Amino acid sequence: MRLYNTLTKRKEEFVPLHEGEVRMYSCGPTVYDYFHIGNARPFIIFDTLRRYLEYKGYKVLFVQNFTDIDDKMIKRANEEGITVKELGDRFINEYFKDADALGIKRATFHPRATQHIGDMIALIGKLIEKGVAYEVNGNVYFDTSAFPEYGKLSGQKLEELEAGARVEVEEGKRNPMDFALWKAQKPGEPAWDSPWGKGRPGWHIECSVMAMKYLGQTIDIHAGGQDLIFPHHENEIAQSEAATGKPFARYWLHNGYINVNNQKMSKSLGNFFTVRDILKQFDPEVVRFFMLSAHYRNPINFSEDMLRQAQSALERLYNCKANLLHMMENAVERELSEEEIDFIQRLAGYKVKFEEAMDDDINTADALAAIFDMVRDINSQLSASSSKQAVERAYALLDELTGVLGLLRKDPRQELDPEIKALIEKRQQARKEKNWALADQIRDELRARGIILEDTPQGVRVLFKHKD
RNA sequence: GGCGCCGUAGCCAAGUGGUAAGGCAGAGGUCUGCAAAACCUCGAUUCCCCAGUUCGAAUCUGGGCGGCGCCUCCA
């Protein structure tokens with residue numbers, strides 16, 4: 001598999017450090033609010049990468065943190081009149097509700113920053129010992145000039161960064177690009193004891209600490225949004241590598257933004273849509289499909305119209321799944337025909353195409369194209385008279401490949417309540433008697449209730465309309 | 001000022017040297033009591049523009065136009 005590595009600006013063959021095992025870390029949310037759909041992109045994309053690595057047989061250790069202490073947390077907690085801890089508890093809970101809905105698997109570990117303060121203090125102490133960090137009035141800063149490779153991830157040179165710096169130089173910093181590892185307590189802020197007095201950790205140190213604690217000093221994959229390249233990930237590299245003398249992460253993956261009217265969606269611009277709100281109107285899998293319909297490094301424009309397109313496309317896949325399930329209940333056990341043998345051979349081809357796409361830097365758009373090719377073939381090849389074996393093979397592959405993408409997780413068949421069943425029976429009777437007026441009336445009635453009836457050669461097929 | 005990305009049919013989107021995937025929308029047809037679903041057919045002689053390299057370029061090089069991002073919290 002090849003992955004685009006931000007560090008080298010190239011696609012590289014992915015080879016994990018430990019055979020058969022992948023250790024990856026992805027920057028998680030700051031839990032001060034519901035997350036928006038721009039935040040959802042890396043969650044969905046890197047969940048998909050994780051699923052694909054597992055599909056390929058790797059054991060994946062996946063860590064995604066929660067940032068539960070920083071300026072935004074403190075500000076919001078004050079506004080709400082609750083503690084930072086209470087705020088964090090609440091939105092971690094809300095995070096899981098939305099993430100679960102989107103089919104994002106739980107990470108192996110979901111560490112919280114505030115539960116690793118001791119480890120952070122230890123790492124900061126080590127950096128001071130090594131002479132790459134210094135303390136001023138209870139604040140500790142990382143000395144960027146002491147780390148010659150600073151800027152290697154973002155492709156920036158220290159002097160250029162400084163020239164363009166819009167940062168106000170904080171009192172006590174030796175260098176404008178130096179960043180806080182530890183912040184002295186200000187009145188009213190939560191604080192922890194440390195060798196430099198009461199205070200709290202800077203943002204960047206948490207990811208270094210939690211990544212190394214759970215995954216070791218050198219991890220395979222570190223992922224996040226493009227806006228984290230600088231300064232967050234740059235700083236993580238500086239801290240971690242200055243402390244250990246070893247490469248911190250071997251492959252750095254960054255997803256592109258979600259735009260609204262071609263502008264980056266962000267909290268500060270106010271042009272964001274929370275996942276919570278979108279899910280009132282759309283099925284979560286529609287959101288997931290939308291994210292996967294473009295390559296993860298390209299920007300994608302978000303709009304309701306795009307979601308509707310995704311919804312229609314997803315429905316095509318669900319129709320295929322529903323058809324196969326329906327056929328499986330009716331298909332006959334018999335020898336495969338020559339045609340069916342050819343068909344099964346073609347199935348293997350779609351699987352190869354799918355894997356080639358995913359192996360090429362997680363090209364989910366191309367992988368979906370392979371699935372759509374397969375769906376067309378299934379639809380034209382299989383019918384009521386197909387052999388059960390052929391139908392089952394097709395179903396198994398569709399289920400397997402869409403499963404890697406986290407799609408088609410629902411069973412389109414649902415228990416019907418007796419009233420609906422009775423209506424369908426009544427309609428069947430009417431159809432037998434060629435009472436088309438009554439039959440159509442019942443069909444319309446059910447449609448209004450979100451139940452779609454299709455008359456197939458094998459009997460009535462019941463579909464449930466997705467939210468829209 | 002530094003670093004970087006993008007511009008492919010009405011819309012979305014792969015493809016990055018060998019002659020334009022896939023999806024949505026639309027048109028016609030087949031099937032159907034009518035539908036729905038599905039299937040078949042139709043859509044870029046062409047990939048923002050210009051020049052160059054090449055037997056050959058959407059794909060490489062140079063220039064231009066247009067859009068966007070990072071360099072500050074941000075997925």
Side-chain angles (χ1 to χ4, degrees), chain A residues 6 9 26-30 35-46 70-72 75 151 154-157 159-168 177 179 203 223-232 234 254-259 261-269 272 289-290 293-295 297-301 303 305-320 322-323 326 353 357 360 363-373 375-383 431 434-437 439-440 443-444 447 452-457 460-461 463:
Chain A
T6 306
K9 295 182 170 51
S26 180
C27 291
T30 300
F35 64 88
H36 62 67
I37 119 161
N39 301 321
R41 169 118 97 148
F43 302 156
I44 290 170
I45 289 299
F46 299 123
D70 80 331
D71 291 346
K72 294 191 294 281
K75 182 164 175 263
S154 53
Q156 301 271 357
K157 292 193 178 77
E159 315 85 69
E160 280 151 4
L161 283 166
E162 282 171 21
R166 286 177 278 164
V167 207
E168 281 179 47
M177 295 320 294
F179 56 92
W203 173 37
Q226 264 168 9
D227 44 3
L228 296 185
I229 295 172
F230 192 91
H232 186 53
E234 195 72 71
H254 294 96
N255 62 276
Y257 301 118
I258 303 260
N259 293 156
N261 295 324
N262 279 322
Q263 273 213 315
K264 175 184 173 180
M265 181 186 294
S266 76
K267 282 261 160 83
S268 41
L269 288 170
F272 63 91
F289 185 98
F290 168 70
S293 66
H295 185 86
R297 284 190 284 113
N298 289 152
I300 43 178
N301 231 357
S303 70
D305 188 48
M306 290 303 101
L307 284 184
R308 276 198 213 94
Q309 286 195 17
Q311 183 174 50
S312 300
L314 217 212
E315 247 157 50
R316 179 170 165 80
L317 299 183
Y318 261 112
N319 280 331
C320 182
N323 271 325
H326 195 75
K353 190 185 166 192
D360 183 17
N363 194 334
T364 52
D366 237 4
L368 279 169
I371 291 175
F372 278 107
D373 284 343
V375 163
R376 161 162 290 122
D377 202 352
I378 289 171
N379 285 337
S380 55
Q381 183 65 231
L382 299 179
S383 69
R431 291 187 69 229
K434 297 199 191 296
N435 184 351
W436 309 125
D440 291 353
R443 186 169 61 192
D444 290 345
R447 177 191 303 267
I452 314 261
L453 298 186
E454 294 181 357
D455 302 318
T456 76
V460 199
R461 192 159 77 94
L463 289 175

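This structure is a prediction, so every number in the text was calculated from the model and none was measured. So you know, we letter chains A, B, ... as the sequences are listed, proteins then strands, and number each from 1.
One C1' atom belongs to B/A35, the other to B/U46, and the distance between them is 39 Å to the nearest Å. Nucleotides B/G43 and B/G22 place their P atoms 13 Å apart, quoted to the nearest Å. If you take atom P in B/U16 and the same atom in B/C11, they sit 24 Å apart, rounded to whole Å. If you take atom C1' in B/U41 and the same atom in B/G4, they sit 45 Å apart, rounded to whole Å. B/U61 and B/G28 have their C1' atoms separated by 46 Å, with the value rounded to a whole Å. Taking the P atoms as reference points, B/A57 lies 33 Å from B/C24, given to the whole Å.
A/N379 comes within contact range of the sugar-phosphate backbone alone, with a heavy-atom separation under 4.0 Å but no base atom that close. Nucleic acid contact class of A/L228 (heavy atoms, under 4.0 Å, all strands): sugar-phosphate only. Contacts of A/L453 with the nucleic acid, taken as non-hydrogen atoms under 4.0 Å apart, include base atoms. Contacts of A/K353 with the nucleic acid, taken as non-hydrogen atoms under 4.0 Å apart, involve only primed sugar atoms and P, OP1 or OP2. In this structure, A/K72 reaches the sugar-phosphate backbone alone: every heavy-atom distance under 4.0 Å involves primed, P, OP1 or OP2 atoms, never a base. A/K264 comes within contact range of at least one nucleobase, with a heavy-atom separation under 4.0 Å. A/G38 comes within 4.0 angstrom of a nucleotide base, judged by non-hydrogen atoms across all strands. At a threshold of 4.0 angstrom between heavy atoms, the contacts of A/G151 with the nucleic acid are absent. Residue A/N262 is classed as a sugar-phosphate contact, given heavy-atom separations below 4.0 Å to backbone atoms only. Residue contacts for A/P29: at a heavy-atom cut-off of 4.0 Å it reaches no nucleic acid atom on any strand shown. A/N301 comes within contact range of no nucleotide atom at all, as no heavy-atom separation falls under 4.0 Å. Heavy atoms of A/H295 sit under 4.0 angstrom from primed sugar atoms or phosphate atoms, though from no base atom. A/N255 comes within 4.0 angstrom of a base, heavy atoms only.
The closest donor-acceptor contact from the side chain of A/Q156 to the backbone of A/G151 lies at 3.5 Å or more, if one exists at all. Using modelled atom types, one side-chain atom of A/D70 and one backbone atom of A/K72 make a donor-acceptor pair closer than 3.5 Å. Proximity of a side-chain donor or acceptor of A/S303 to a complementary backbone N or O of A/M306 within less than 3.5 Å is detected.
Applying the 3.5 Å distance criterion, the base of B/G22 shares no donor-acceptor pair with the side chain of A/D366. A/R443 contributes a side-chain N or O that forms a donor-acceptor pair with the base of B/C34 under 3.5 Å. Side-chain atoms of A/R316 stay outside donor-acceptor range of the base of B/A37, with no qualifying N/O pair under 3.5 Å. For A/D455 and B/C34, a side-chain-to-base donor-acceptor distance below 3.5 Å is present, hydrogens and geometry of angles not being considered. In terms of polar N and O atoms assigned as donor or acceptor, the side chain of A/Q309 comes within less than 3.5 Å of the base of B/G23 in a complementary pairing.
Side chain of A/Y257, nearest nucleotide from B/C39, B/G2, B/C70: B/C70. Distances from the side chain of A/N319 to the nucleotides B/C24, B/A14, B/A37 place B/A37 closest. Of all nucleotides listed (B/A75, B/C73, B/G33), B/C73 comes nearest to the side chain of A/P231. Counting only heavy atoms from C-beta on, A/D373 has its side chain closest to B/A21 among B/A21, B/A37, B/C11. Distances from the side chain of A/Q156 to the nucleotides B/C3, B/A14, B/A75 place B/C3 closest. The side chain of A/E454 lies closest to B/A37, out of B/A37, B/C39, B/C6. The side chain of A/R461 has B/A37 as its nearest neighbour among B/C6, B/G33, B/A37. For A/M306, taking side-chain heavy atoms from C-beta onward, the closest of the listed nucleotides B/A75, B/G22, B/C11 is B/C11. Comparing B/C73, B/A75, B/A14 by their nearest atom to the side chain of A/A294 picks out B/A14.
One finds the CG atom of A/N39 at 4.0 Å from the NE2 atom of A/H36 (value rounded to the nearest 0.5 Å).
Mapping A/S380 and A/F289 onto RNA chain B by nearest heavy atom places A/F289 at the nucleotide closer to the 5' end. The residue among A/D377 and A/P299 whose nearest nucleotide of RNA chain B lies closer to the 5′ end is A/P299.
A/N255 pairs by the side-chain hydrogen bond (donor to acceptor under 3.5 Å, both in side chains) definition with nothing, not counting sequence neighbours. In terms of the side chain to side chain contact (heavy atoms under 4.5 Å, CB included) criterion, residue partners of A/D440 (sequence neighbours excluded) are, by chain and number, A/R443.
Using a 4.0 Å cut-off, some side-chain N or O of A/N39 falls inside it from OP1 or OP2 of B/A75. Contact check, A/N261 against B/G67: no side-chain N or O comes under 4.0 Å of OP1 or OP2. An OP1 or OP2 oxygen of B/G23 is reached within less than 4.0 angstrom by a side-chain nitrogen or oxygen of A/R376.
Base pairing analysis places B/U32 opposite nothing; no Watson-Crick or G-U wobble pair with both distances below 3.5 Å involves it. Pair check for B/U46 finds none; no Watson-Crick or G-U wobble contact set falls under 3.5 Å. Across the strands present, B/A27 finds its partner in B/U41; the criterion is a Watson-Crick or G-U wobble pair with both atom distances under 3.5 angstrom.
A/C320 places a side-chain heavy atom less than 4.5 Å from the side chain of A/V375. Here the side chains of A/I300 and A/F290 are in contact, with some heavy-atom distance below 4.5 Å.
Ring stacking is absent between A/F372 and B/G22, as the pair misses the limits of under 5.5 Å between centres and under 30 degrees between planes.
Between A/F372 and A/F289, the angle of the ring planes goes over 60°, which puts this pair in the perpendicular group of the 30/60° scheme.
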